[in-house]
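What you see below is based on every heavy atom in this structure, not just the backbone, and it leaves out hydrogens, waters and symmetry mates. Computed from a predicted model, the values in this text were never measured in an experiment.
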Amino acid sequence: MGSGWAEPTEQVGEALLRRVHSSSHVDRMLGLRGCAAVIDADTVASPGSMDAAMWAAGCAVRGVDLVMRGESRRTFALVRPPGHHAERDRAMGFCFFNNVAIAAQHAIDAHGISRVLIADFDVHHGNGTQEVFESRADVLVFNTHQWPLWPGTGAADEQGIGAGVGFTVNVPLPAESGDEAYGRVYEETLPAIADRFRPELLLVSAGFDAHRDDPLAEMNVTETGFARIARALRAIARKHCGGKLIACLEGGYNLTALAASVRAVVAEWSDDSADR
């Protein structure tokens, strides 16, 4: 994934935020800088939250730049707050700005990418990312998630709107699904979709709350299962994107399980011998 850690060089710019989120949403969020606020039951801002969110999105953008400039083949933005629940005009689910959507838009605007695949393996459906791109054909959003579960979106028949029909793919999985179920989806279903879409860049919403020890869901994925998902995603990036892959951290609420799972994924993405 490169030679070591890299610090984000700047917070995300407001112009890019407004390419993904409505101006009214950006204005509301930036108006909370230095303030404490309760946005909803799950989403609470402290005085430093908006700056943290701006740095998190900036880190995702820097990951895209490092990969597109050839300075790294893969990057992982290890950030908080997460982003995939943030809709165009709404903060929710601990998320203020949609980091992975911002990274995708930056890749399109700044680097001329014409087809982006976003894969989201968080246990909760990435409703925000789906909502941002559901009417577009240049970004295909693929979600696996426990079903039923908050936020209640992500049914299999949600397939996009207008020009985006067919570019939203949801694979809802029943509670207690584990390594084998996830492995089949990422080794069989997603590669077939990628073969048809032919992405130029792969972005990943990497949430680890499907872990068997996580308190917010009822899945049975282990570190071995997450490593298996990571291998499958790396193979897709290698086949279609010249190996280019950018991940953003999403959920994960058992800190021991989160650390072990991230370590397992980074190990898979750090072994350059697999690219040969």
Novice: Does Asp122 reach the main-chain N or O of Gly251 with its side chain, forming a donor-acceptor pair under 3.5 Å?
Specialist: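 Yes.
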Novice: Nearest 0.5 Å, what's the NE2-CZ distance between His25 and Phe96?
Specialist: 9.0 Å
Novice: I'd like to know whether His106 forms a side chain to side chain contact (heavy atoms under 4.5 Å, CB included) with Asp65, so could you lay out the CA-CA distance, the side-chain angles of the two residues, the decisive distance to 0.1 Å, and finally the verdict.
Specialist: CA-CA 9 Å; His106 177 68; Asp65 288 339; 2.7 Å; yes
Novice: Looking only at atom types and distance, does a side-chain atom of Arg74 sit under 3.5 Å from a main-chain N or O of Trp269, one as donor and one as acceptor?
Specialist: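 Yes; judged by distance alone, with no hydrogens or angles, the pair exists.
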Novice: Any sub-3.5 Å donor-acceptor pair from Arg88's side-chain atoms to Val20's backbone N or O?
Specialist: yes
Novice: Taking the side chain as everything from C-beta on, heavy atoms only, tell me whether Arg196 gets closer than 4.5 Å to Leu140.
Specialist: no
Novice: Is it true that a side-chain atom of Arg19 and a backbone atom of Gln105 form a donor plus acceptor pair closer than 3.5 Å?
Specialist: no
Novice: How many angstroms lie between atom OG of Ser72 and atom CZ of Arg62, to the nearest 0.5 angstrom?
Specialist: 10.5 Å
Novice: I'd like to know if Glu187 pairs up with Arg228 as an ion pair, taking the criterion as any Lys NZ or Arg NE/NH1/NH2 lying under 4.0 Å from an Asp or Glu carboxylate oxygen.
Specialist: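 Salt bridge present between Glu187 and Arg228.
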Novice: Would you mind telling me which of Thr168, Thr153, Asn170, Asn143 makes a side-chain hydrogen bond (donor to acceptor under 3.5 Å, both in side chains) with Gln130?
Specialist: Asn170
Novice: Quick check: closest heavy atoms across Cys35 and Gly31, and the distance to 0.1 Å?
Specialist: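 So the two residues come closest at SG-O, 4.1 Å.
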Novice: Are the side chains of Arg136 and Val141 in contact, using a 4.5 Å heavy-atom criterion?
Specialist: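 No, every pair of side-chain atoms sits at 4.5 Å or beyond.
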Novice: Give a yes or no on whether Ile102 and Val64 share a hydrophobic cluster (residues Ile, Leu, Val, Met, Phe, Trp, Tyr; joining criterion: side-chain heavy atoms under 4.5 Å apart).
Specialist: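 Yes; Val64 is reachable from Ile102 via cluster members.
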Novice: Any donor and acceptor pair, going by atom type alone, linking the side chain of His21 with main-chain N or O of Asn98 inside 3.5 Å?
Specialist: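 Indeed, once roles are kept as given, a pair shorter than 3.5 Å links the two residues.
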Novice: May I have the step-by-step check of side chain to side chain contact (heavy atoms under 4.5 Å, CB included) for Glu200 and Cys241, ending in yes or no?
Specialist: CA-CA 5 Å; Glu200 297 174 343; Cys241 313; 5.8 Å; no
Novice: Kindly give the heavy-atom pair with the smallest separation between Cys59 and Ala77, and that separation in Å.
Specialist: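 Nearest heavy atoms, Cys59 then Ala77: SG-CB, 3.9 Å.
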Novice: How many angstroms lie between atom OH of Tyr182 and atom OG1 of Thr222, to the nearest 0.5 angstrom?
Specialist: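 Atom-to-atom, Tyr182:OH and Thr222:OG1 are 12.0 Å apart.
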Novice: Starting from Leu173, can I reach Leu233 by hopping between I/L/V/M/F/W/Y residues whose side chains sit under 4.5 Å apart?
Specialist: yes
Novice: Rounded to the nearest 0.5 Å, how far apart are NE2 of His84 and OG1 of Thr129?
Specialist: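 The OG1 atom of Thr129 is 7.0 Å from NE2 of His84, to the nearest 0.5 Å.
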Novice: How long is the span from the OG1 atom in Thr75 to the CG atom in Leu245, to the nearest 0.5 Å?
Specialist: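 Rounded to the nearest 0.5 Å, the OG1-CG separation comes to 7.5 Å.
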Novice: Before giving the answer on side chain to side chain contact (heavy atoms under 4.5 Å, CB included), spell out for Val185 and Phe142 the whole-Å C-alpha distance, their side-chain angles and the decisive distance to 0.1 Å.
Specialist: CA-CA 11 Å; Val185 171; Phe142 179 90; 3.6 Å; yes
Novice: Is the shortest side-chain heavy-atom distance between His124 and Leu149 below 4.5 Å?
Specialist: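 Yes, close enough: below the 4.5 Å cut-off.
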Novice: Would Ser49 and Leu32 count as a side chain to side chain contact (heavy atoms under 4.5 Å, CB included) here? Give the steps.
Specialist: CA-CA 8 Å; Ser49 292; Leu32 295 177; over 6 Å; no
Novice: Would you check if there is a donor-acceptor pair between the side chains of His125 and Asp120 at a distance under 3.5 Å?
Specialist: no
Novice: So, for Pro81 and Ala56, which heavy atoms are closest and what is the spacing to 0.1 Å?
Specialist: O-CB, 3.9 Å
Novice: Taking all heavy atoms of Leu201 and all of Ala107, pick out the closest pair and write down the distance.
Specialist: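 Heavy atoms only, the tightest pair is CD2-CB, 3.5 Å.
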Novice: Going by atom types alone, do His85 and Asn127 pair a side-chain donor with an acceptor below 3.5 Å?
Specialist: yes
Novice: Does Asp213 offer a backbone N or O that forms a donor-acceptor pair with the side chain of His211 under 3.5 Å?
Specialist: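 Yes; at least one donor-acceptor contact below 3.5 Å.
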Novice: Looking only at heavy atoms, which two atoms of Val123 and Ala210 are closest? And how far apart?
Specialist: CB-N, 3.6 Å
Novice: In chain order, what residues pass the side chain to side chain donor-acceptor pair (under 3.5 Å) check against Thr43, with sequence neighbours excluded?
Specialist: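 By the side chain to side chain donor-acceptor pair (under 3.5 Å) rule, Thr43 matches Asp40.
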Novice: To the nearest 0.5 Å, how far apart are CH2 in Trp55 and CD in Glu10?
Specialist: 8.0 Å
Novice: Are Ile118 and Val79 linked, directly or through intermediate hydrophobic residues, by side-chain heavy-atom contacts shorter than 4.5 Å (ILVMFWY only)?
Specialist: no
Novice: With Leu190, which of Ile229, Thr144, Val169, Leu117 fulfils side chain to side chain contact (heavy atoms under 4.5 Å, CB included)?
Specialist: Leu117
Novice: Taking ring pair (Phe, Tyr, Trp, His ring centres under 6.0 Å) as the cut-off, I'd like each qualifying pair that reaches into residues 229-251, sequence neighbours left out, listed once.
Specialist: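 Output for this query is empty, none listed.
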Novice: Can you check whether Met54 reaches Leu30 side chain to side chain, under 4.5 Å on heavy atoms?
Specialist: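 Result yes, sub-4.5 Å side-chain heavy-atom pair found.
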Novice: Using modelled atom types and a 3.5 Å cut-off, is there a donor and acceptor pairing between side-chain atoms of Glu158 and backbone atoms of Ala155?
Specialist: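 Between the backbone of Ala155 and the side chain of Glu158 there is a qualifying donor-acceptor contact (under 3.5 Å).
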Novice: Ignoring hydrogens and angles, tell me if any N or O in the side chain of Arg115 forms a donor-acceptor pair with the backbone of Arg198 under 3.5 Å.
Specialist: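 Yes.
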Novice: Without swapping roles, check the side chain of Trp147 against the backbone of Gly154 for a donor-acceptor pair under 3.5 Å.
Specialist: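 Pair absent, no side-chain N/O of Trp147 close to backbone of Gly154.
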Novice: Please tell me if the side chains of Met219 and Asp214 come closer than 4.5 Å, counting only heavy atoms from C-beta onward.
Specialist: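 Answer no - side chains too far apart.
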Novice: Val266 versus Phe76: any side-chain heavy-atom pair under 4.5 Å?
Specialist: yes
Novice: Listed by chain and number, what are the salt bridge (Lys or Arg N to Asp or Glu O under 4.0 Å) partners of Arg90, not counting sequence neighbours?
Specialist: none
Novice: Step through it carefully: locate the ring centre of Phe226, locate the ring centre of Phe208, and say whether they are under 6.0 Å apart.
Specialist: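 Phe226 vs Phe208: aromatic centres under 6.0 Å.
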Novice: Is the ring centre of Phe94 less than 6.0 Å from the ring centre of Tyr253?
Specialist: yes
Novice: Search all heavy atoms of Ala163 against all heavy atoms of Ala137 and return the closest pair with its distance.
Specialist: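 Minimum heavy-atom contact is O-CB, 3.7 Å.
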Novice: Can you tell whether the side chains of Arg212 and Asp179 come within less than 4.0 Å, N to carboxylate O?
Specialist: no
Novice: Is there a donor-acceptor contact under 3.5 Å from the side chain of Arg28 to the main chain of Ser23?
Specialist: no
Novice: Does Phe121 share a hydrophobic cluster with Leu203, counting links as ILVMFWY side-chain heavy atoms below 4.5 Å and allowing steps through other members?
Specialist: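 Looking at the clustering, Leu203 is in a separate group from Phe121.
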Novice: Verify the cluster assignment for Val262 and Leu202: are they in a single hydrophobic cluster under the rule of side-chain heavy atoms below 4.5 Å apart?
Specialist: yes
